[in-house]
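A short write-up of the structure that comes next.
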2 protein chains.
Amino acid sequence: MPDPLSNLPGYALRRAANAMMADLTERLAPIGLRIIDASLILLVAGRRDRTSSDIGRMLDIQRANMVPLLNRLEASGLIARVPLDKKKMAIVLTPAGDAMLAQVRAITNQFEEDLIARIPEPHRPHFMPALHALWSAPAE
Amino acid sequence: MPDPLSNLPGYALRRAANAMMADLTERLAPIGLRIIDASLILLVAGRRDRTSSDIGRMLDIQRANMVPLLNRLEASGLIARVPLDKKKMAIVLTPAGDAMLAQVRAITNQFEEDLIARIPEPHRPHFMPALHALWSAPAE
DNA sequence: CCTTAATGCTATTGACCATAGCAATTCATA
DNA sequence: TATGAATTGCTATGGTCAATAGCATTAAGG
């Protein structure tokens with residue numbers, strides 16, 4: 001690689017993440033979901049107490065931007081909004097959502113397995129710790 | 001982290017990349033550049049033969065989307081379009097662009113150094129090889 | 001009780017990426 | 001060398017995604 005960017009860790013990180021996202025996007029397309037949809041489904045699986053704000057905080061999505069996302073999943077019949085009190089709404093999976101969850105799990109499990117398999121064996125055990133170090137200590 | 005996503009390599013990769021990008025974006029803000037601007041400047045530094053299409057291919061940006069990017073950098077006085085023949089235009093740094101290049105290099109060098117420093121020492125040598133493996137073999 | 005914070009939402013904006021199409025030029029090869 | 005194919009730089013457009021400001025309602029805490 002003769003270009004001056006390939007050797008920069010930041011650049012390589014960005015490219016690796018992009019390649020990974022493109023791959024996962026393709027794998028989720030057959031079941032009509034985007035990455036963000038699948039993430040949300042995995043996050044509310046088996047729970048009836050996660051609010052829109054909760055999910056937004058976990059996925060780093062502003063409350064305002066949760067609305068169209070939830071609207072779409074609700075229109076697809078995958079989730080439902082269930083009042084927890086007069087203000088909070090729990091996001092729960094519908095039966096169709098539960099069925100979809102199984103497919104999401106199958107796809108993501110295979111995906112993560114393939115992802116790890118691409119990393120040469122000696123580097124493999126160091127991958128997650130390194131990522132978590134970057135993620136947890138983003139700014140100083 | 002009690003959430004079911006943190007342990008997924010793909011998710012961790014995405015989050016680490018996002019944190020990295022946010023950090024770099026902040027560091028470049030004082031000199032009025034975005035990440036994509038800085039990447040382009042580093043890519044054309046010291047050359048007078050890189051065309052818009054070349055750069056687009058290297059950065060994975062469609063030709064059509066190069067136009068507003070180049071227009072902005074040209075309006076800022078950092079780059080110029082120099083005809084190579086009746087069709088091709090070389091993207092070159094102006095004197096102001098060269099001055100900016102020095103600042104870009106200072107910022108990105110420090111940034112990459114800090115990035116690596118965040119990774120615990122034992123994992124460090126494995127980081128770039130792992131990323132390149134993911135980047136170079138995105139789909140199979 | 002009453003101020004403060006949180007929730008879910010509307011509306012808007014901008015960055016970014018993808019696609020289709022076009023005129024002009026270069027190229028490849030027959 | 002002539003001609004069809006590919007390339008270049010561009011316009012125009014639409015879609016996704018994130019960020020901001022603002023609002024009415026409700027919950028929590030001093």
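Here is the naming used below: chain letters follow the sequence lines, and residue numbers restart at 1 for every chain. Since the structure is predicted, the reported quantities are computational estimates derived from the model, not experimental observations.
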Take A:R34 and B:D54, find for each the nucleotide of DNA chain D with the closest heavy atom, and name the residue whose nucleotide sits nearer the 5' end.
B:D54
B:R81 side chain N/O closer than 4.0 Å to the phosphate oxygens (OP1, OP2) of D:dC10?
yes
Which residues pass the salt bridge (Lys or Arg N to Asp or Glu O under 4.0 Å) test with A:R57, sequence neighbours left out?
A:D54
Any chance CZ of B:R105 has more than 12 other-residue heavy atoms, nucleotides or ligands included, within less than 6.0 Å?
no
How large an angle, rounded to 10°, do the end axes of the helix from C:dC1-D:dG30 to C:dA30-D:dT1 enclose when each is built from five base pairs?
40°
Please give, in whole Å, the distance from D:dC17 C1' to A:L40 CG?
15 Å
Residues in ring-ring contact (aromatic ring centres under 6.0 Å, His included) with A:H126, at least two apart?
B:H123, B:H126
Before accepting this row, confirm whether a basic side-chain N of the pair A:D23/A:R27 lies closer than 4.0 Å to the acidic partner's carboxylate O.
yes
For B:D49, give me all partners under salt bridge (Lys or Arg N to Asp or Glu O under 4.0 Å), at least two apart in sequence or on another chain.
B:R47
Please state how far atom NZ in B:K87 lies from atom P in D:dC10, giving the value in whole angstrom units.
13 Å
Partner set under salt bridge (Lys or Arg N to Asp or Glu O under 4.0 Å) for A:E74, not counting sequence neighbours
A:R81
If I take atom CG in residue B:D49 and atom C1' in nucleotide D:dT8, what distance separates them, rounded to the nearest angstrom?
16 Å
On DNA chain C, nearest-nucleotide positions of A:N18 versus A:T51: which is more 5'?
A:T51
Please find the earliest and latest nucleotides of DNA chain C, in the 5' to 3' direction, that have an atom within less than 4.0 Å of any heavy atom of chain A.
C:dA6 to C:dC17
Can you see which heavy atom on B:A96 is nearest to which on B:L78, and at what distance?
O-CD2, 3.8 Å
Cluster partners of B:V92, using ILVMFWY side-chain heavy atoms under 4.5 angstrom, listed by chain and number?
B:V82
Under 4.0 Å protein heavy-atom contacts per nucleotide of nucleotides 18-24 of chain D, with B for base, S for backbone only and - for none:
BBBB---
If you round to the nearest 0.5 Å, how far is CD1 of A:I36 from CD1 of A:I55?
10.0 Å
Please report the interatomic distance OH(A:Y11) to CG(B:L42), rounded to the nearest 0.5 Å.
10.5 Å
The side chain to side chain contact (heavy atoms under 4.5 Å, CB included) partners of A:T25 (sequence neighbours excluded) come to A:I35
Mind listing the residues from residues 66-77 of chain A sitting with a heavy atom below 4.0 Å of DNA chain C? Number order is fine.
A:V67
Where at least one partner belongs to residues 31-42 of chain A, residue pairs that pass salt bridge (Lys or Arg N to Asp or Glu O under 4.0 Å), sequence neighbours excluded:
A:D37-A:R72
For B:R14, which residues count as a salt bridge (Lys or Arg N to Asp or Glu O under 4.0 Å) partner, sequence neighbours excluded?
none
